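Please read these numbers as outputs of a predicted model, since none were measured by experiment.
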Amino acid sequence: MANCRLFITGVLLLLSTSSWAAVLPEDRSDVMYHYYSGDGVTIDGPSILLRKKIGNRVSLSANYYLDTVSGASIDVRATASPYVEEREETTLGADFLHNKTLVSMSYTNSSENDFEASSAYIGISQDFFGDLTNISLSYAKGWDEVGRRGDENFLEEADRNKYGIGITQIVTKSMIVGFSAEHISDEGYLNNPYRSVRFLDDSAARGFSFATEIYPETRSSNAVSLNANYYLPYRAAIYADVRWYNDTWGITASNGKLGYIHTIGDDWIIDVYARYYSQESADFYQDLFGRPNEFNFMARDKEMSTYSNFTAGISVAYEWQFSASAMIKKSSIQFEYDYMQFDYDNFRDVTADAPVGEEPLFGFSANVIKVYASIWY
Amino acid sequence: MRKLIRLLCAATVVALTTGCVSTDEYAFNIEPWVKPYERSNLADPIMSMNRNPIARSYAKHVFESREGARGADGGAGGGCGCN
């Protein structure tokens, strides 16, 4: 729910264009089915992306995305009942090319029964130095309305601002490297209204009870990343990226990814990768507090704890090439599978039968599948 | 860090709004060491960070929903603003 605001910005950025140079994105359409299963939750649904140029200087895009969520995560199993909900998201975008400058704009709306989010994005990028270097700037503004199921009087708001800069550099005939940095500032109601803190309670049967989390009303974060792609002589590529992150809540994190793309003939593309993420908890996070209102800010959201996650993925694509003069120039079908493993260092499984504060540390695995078909025209 | 990002943004705005926009070759007079006709490898779709935007935005969502960190994870996107 609350994380959809991040997703919106991500969609806005990623749907902008698809090249490392200031050119309009390709005309293409994609239809995808996505599926996630992990920690007792299943999320699946379709996504459709359409892109079409208007003349040589304008490209328009539209994306429809649907999440259907069912089940009960560890947070829900501990404090509430399983549920089913949907999230529907629509994005409209336009890219404008003038000489070596590309301006991208988009607007997204995301709607759930308890969360409404809108976001607008603008980005500009320019090629320099014989088109070896590309520099881009971006800004996104978001507005959230947060509700709570079963409480019609609950309505909170949050605003978000996101500033980004990126530099892509052609290093050799076979290598591109990139640098990006982003600053994000949030202000307003930043809690997840369904998450609770746990505190010692001698009067409770199990020795603890739950209370509403208390978050600061502002959050600022900075992230920088480096990435590189290297082309191998037999039409294959290796790629890698690293990222460092910190914010005013005290969360620090880093992650790295290494991947390899292999082609078989002209038609098959196989991509395998591994990714590792590690995070230190927020200053006001604890798995177990001494009492309610012990501190000004209190959180037990496991996404704010200390933990790591390892992901391994593989994708297989088959492409059909058609005549360049045909209406459809290329098509492909693609299957992707990711395995994810999360291990928490200070978030305990309170559903386990153990003395308070001595429950086993929580962890879970997840399976992610994407199947999609694409055409280029 | 915040100041650094702002400084970089300001520098880029200056660059984009001065003569660099259409006269970069003259302004910087740098001979590209990788010629346009030498960029076939780089133009191969397997070298694109955003080869499949619909799948990539979903993958980004999967991570961001379950991780505390956010931002700067799209890879510097060159002309895409997809950084």
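- Put simply, the side chain of B/Asn41 never gets that close to the backbone of A/Ser174: no donor and acceptor are under 3.5 Å apart.
- Using a 4.5 Å heavy-atom cutoff, the side chains of A/Thr168 and B/Met49 are not in contact.
- With a 4.5 Å cut-off on non-hydrogen atoms, A/Asp39 does not touch chain B at all.
- One distance of note links CG of A/Asn255 with CZ of B/Phe63; it measures 8.5 Å at 0.5 Å rounding.
- Only the backbone of A/Ile48 comes within less than 4.5 Å of a heavy atom of chain B; no side-chain atom from C-beta onward does.
- Options A/Glu336, A/Gln279, A/His34 differ in how many heavy-atom pairs under 4.5 Å they form with chain B, and the most are formed by A/His34.
- Residue B/Trp33 comes nearest to A/Val171 through the heavy atom pair NE1-O, 2.8 Å, listed as atom of the first residue, atom of the second, then distance.
- Between B/Glu67 and A/Arg275 there is a salt bridge, since a side-chain N of the basic residue sits under 4.0 Å from a carboxylate O of the acidic one.
- Within the 4.5 angstrom heavy-atom criterion, only side-chain atoms of A/Met340, from C-beta onward, approach chain B.
- Counted by atom type alone, B/Arg66 and A/Tyr36 present one or more donor-acceptor pairs between their side chains at under 3.5 Å.
- Contact record, A/Ala223 with B/Arg70: CB-O, 3.6 Å, taken as the closest heavy-atom pair.
- Between A/Ile43 atom CD1 and B/Tyr58 atom OH the span is 6.5 Å, to the nearest 0.5 Å.
- Partner of B/Val34 under the side chain to side chain contact (heavy atoms under 4.5 Å, CB included) criterion, out of A/Ile170, A/Asp131, A/Ile176: A/Ile170 alone.
- Residue A/Asn309 touches chain B through its side chain alone, counting heavy-atom pairs closer than 4.5 Å.
- In this structure, B/His61 and A/Asp67 approach most closely via the heavy-atom pair NE2-OD2, 3.5 Å.
- Under the side-chain contact (heavy atoms from CB on, under 4.5 Å) criterion, A/Thr263 pairs with A/Arg235, A/Ile269, B/Ile46, not counting sequence neighbours.
- Proximity to chain B is absent for every atom of A/Ala228, based on heavy atoms less than 4.5 angstrom apart.
- Counting heavy atoms from C-beta outward, B/Glu38 and A/Thr172 have side chains that stay 4.5 Å or more apart.
- In plain terms, the two heavy atoms of A/Met32 and B/Ile54 that are nearest each other are CE-O, 3.6 Å.
- Under the 4.5 Å side-chain criterion, counting only non-hydrogen atoms from C-beta, B/Pro53 is in contact with A/Arg28.
- Applying the ring pair (Phe, Tyr, Trp, His ring centres under 6.0 Å) criterion to A/Phe342, with sequence neighbours excluded, gives A/Phe364.
- Neither the backbone nor the side chain of A/Ser305 comes within contact range of chain B, judged by heavy atoms closer than 4.5 Å.
- Annotation: maximal heavy-atom pairing with chain B below 4.5 Å, among A/Val242, A/Leu132, A/Val368, occurs at A/Leu132.
- Residues A/Lys370 and B/Asn52 form no side-chain contact, since every pair of their non-hydrogen atoms from C-beta on lies 4.5 Å or further apart.
- Residue A/Tyr239 does not touch chain B at all, counting heavy-atom pairs closer than 4.5 Å.
- Heavy-atom minimum distance, A/Tyr307 versus B/Gly68: OH-N, 3.5 Å.
- Atom OH of A/Tyr230 is surrounded by 12 or fewer heavy atoms from other residues, nucleotides or ligands within 6.0 Å.
- Within a 6.0 Å sphere centred on NZ of B/Lys35, heavy atoms belonging to other residues, nucleotides or ligands number more than 12.
- In terms of heavy atoms, A/Arg243 sits closest to B/Ala69 at NH2-CB, 3.5 Å.
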